[in-house]
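Have a look at the structure below before the remarks.
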2 protein chains.
Amino acid sequence: MMESKRPPSKFVAAISHIREMIKADRIGSGDKLPSERELSERLSIGRSSVREALRALELLGMIETRRGEGTYLRDFKDHQLVPLIGTFIFNDDQKKEHVHDIKTILEMGCLALLAVQPDFNQHSINYTETAFHELMDASGNSLLKKMWIIISDYAGDSGGQADERLTELLSGIRHINHS
Amino acid sequence: MMESKRPPSKFVAAISHIREMIKADRIGSGDKLPSERELSERLSIGRSSVREALRALELLGMIETRRGEGTYLRDFKDHQLVPLIGTFIFNDDQKKEHVHDIKTILEMGCLALLAVQPDFNQHSINYTETAFHELMDASGNSLLKKMWIIISDYAGDSGGQADERLTELLSGIRHINHS
DNA sequence: TCATTGAAGTGGTCAGACCACACGATTTAC
DNA sequence: GTAAATCGTGTGGTCTGACCACTTCAATGA
């Protein structure tokens, strides 16, 4: 028979338990969670397992730990994951040009989004680094902006200057005929 | 006063160290990482701290641990980000739209990168989901592909069909005159 | 009244001890 | 000779107890 179920590790179970506890006990943003030692008791698992779970939740930005004080529930917003995922993706051998190209692509995408808006007015646009901050807002895609900001960070751009790579890609994309 | 650096916790440092080690030692997908005990020695930190780091990386899907065997580096495409995010995030319609637009933007960027390549041949291109897997490779930007994979997973692909949003944005971008 | 002290609680870290499991070499049985 | 059972070693999984550094707050003292 298809034997399968391997009991999930304690620390994975602990993550679930802790989250259930948060919900059940009506713990809100900024509130304090039980101490690690107390969690250890209540969940009947070792403190080390509790810690592995808490560290993971901390990395995700769900909780905040303050030495000497305790563990607190954060106001968790999904966009906090964007930088995290960023470090995950950017980790390896990424070449600088790749990062820069991605940034340019996002800017190009931003322009495309603007261009398909009903009230689009090309003349009100310029293409400096600072201008794109507003353009990203105008695009209406908050995720796009977050990604762009993160990418810009990694690209370590000097700012200010308009990017010639953007010009290049924009002219390149014109050769694409998608019918 | 410039109050500042509190040394990051050992486990956060361990995450960085481990990732550096992976890069330095040329550990590839499927390869085995040093054992927890060895990592503990090499990094001069306790095994529990090593474990907290490894658990976090495991949660993200970067590594895979097999009891009795060891810890292995996962292939990037097996990342756990989507299910992970899914358990933490509420997805409204607007967010889905944003994600989908990002995906389309990345595809458009891919096309732009291809278009500026010397040997570009538009006729060899089609625009299905599967085709973009190869197009992403052809673009030469591995980072772009990674992002696209994640976003595609998250967007929950419709599959083989070409996307009309891509057509829309492509036609939109033509209205941009960047001189 | 106000500063000092110190106890208690908390997260941060470590070391050691088991356990369960997987693998491979050795030994054993056929 | 070959196949099966055995056992040693290494691994991750977990628990415990012990410190440390830090924060808070009540008790203490000037």
Side-chain angles (χ1 to χ4, degrees), chain A residues 2-19 21-22 25 27 29-74 76, chain B residues 1 3-19 21-22 25 27-74 78 80:
Chain A
M2 329 236 307
E3 193 42 69
S4 52
K5 54 180 61 182
R6 205 164 289 274
S9 55
K10 292 288 181 64
F11 108 92
V12 170
I15 292 180
S16 307
H17 283 150
I18 292 173
R19 294 180 62 195
M21 178 181 299
I22 289 174
D25 292 2
I27 299 177
S29 302
D31 293 348
K32 187 172 175 303
L33 270 65
S35 73
E36 297 180 351
R37 290 165 176 86
E38 185 181 342
L39 283 174
S40 172
E41 267 191 37
R42 282 169 61 171
L43 302 182
S44 299
I45 59 180
R47 191 186 158 201
S48 42
S49 294
V50 170
R51 279 188 60 81
E52 288 177 11
L54 289 178
R55 282 326 110 235
L57 292 179
E58 184 182 18
L59 192 68
L60 295 179
M62 282 198 70
I63 63 173
E64 178 185 1
T65 58
R66 299 202 277 267
R67 169 188 291 207
E69 295 184 61
T71 307
Y72 296 83
L73 189 61
R74 279 178 79 172
F76 183 73
Chain B
M1 297 305 289
E3 193 43 69
S4 55
K5 52 182 56 180
R6 199 165 290 275
S9 55
K10 292 287 180 66
F11 109 93
V12 171
I15 292 181
S16 307
H17 283 150
I18 291 173
R19 293 174 61 178
M21 180 181 299
I22 289 175
D25 294 1
I27 299 177
S29 302
D31 293 349
K32 187 174 177 303
L33 270 66
S35 73
E36 296 180 351
R37 290 167 177 84
E38 184 180 344
L39 283 174
S40 171
E41 269 191 34
R42 283 171 61 173
L43 301 183
S44 299
I45 59 179
R47 191 185 157 203
S48 39
S49 294
V50 170
R51 279 187 60 81
E52 288 176 10
L54 289 178
R55 282 327 109 235
L57 292 179
E58 184 182 19
L59 196 67
L60 294 177
M62 268 193 86
I63 62 174
E64 178 184 1
T65 58
R66 298 201 277 268
R67 167 187 289 206
E69 295 183 62
T71 307
Y72 296 83
L73 189 60
R74 271 195 167 187
D78 297 327
Q80 290 291 294

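No experiment lies behind these values; they were computed from the predicted model shown. Here is how names work: the chains are called A, B, and so on, in the same order as the sequence lines, proteins then strands, and each is numbered from 1.
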Which residues share a salt bridge (Lys or Arg N to Asp or Glu O under 4.0 Å) with E36(A), sequence neighbours left out: R47(A), R51(A), R55(A)

Sequence-aligned protein contact record of nucleotides 5-16 of chain D, with B where the base is within under 4.0 Å of a protein heavy atom and S where only the sugar-phosphate is: -----BBBBBBB

For atom CD1 of I18(A) and atom P of dG11(C), their distance in whole Å: 11 Å

Contacts of S48(A) that satisfy side-chain hydrogen bond (donor to acceptor under 3.5 Å, both in side chains) - sequence neighbours left out: none

Partners passing salt bridge (Lys or Arg N to Asp or Glu O under 4.0 Å) against E41(A) (at least two apart in sequence or in another chain): none

Qualifying residues under salt bridge (Lys or Arg N to Asp or Glu O under 4.0 Å), relative to R66(B), sequence neighbours excluded: E64(B), E69(B)

Contacts of D25(A) that satisfy salt bridge (Lys or Arg N to Asp or Glu O under 4.0 Å) - sequence neighbours left out: R42(A)

Rounded distance (Å) that lies between atom P of dC21(C) and atom OH of Y72(B): 17 Å

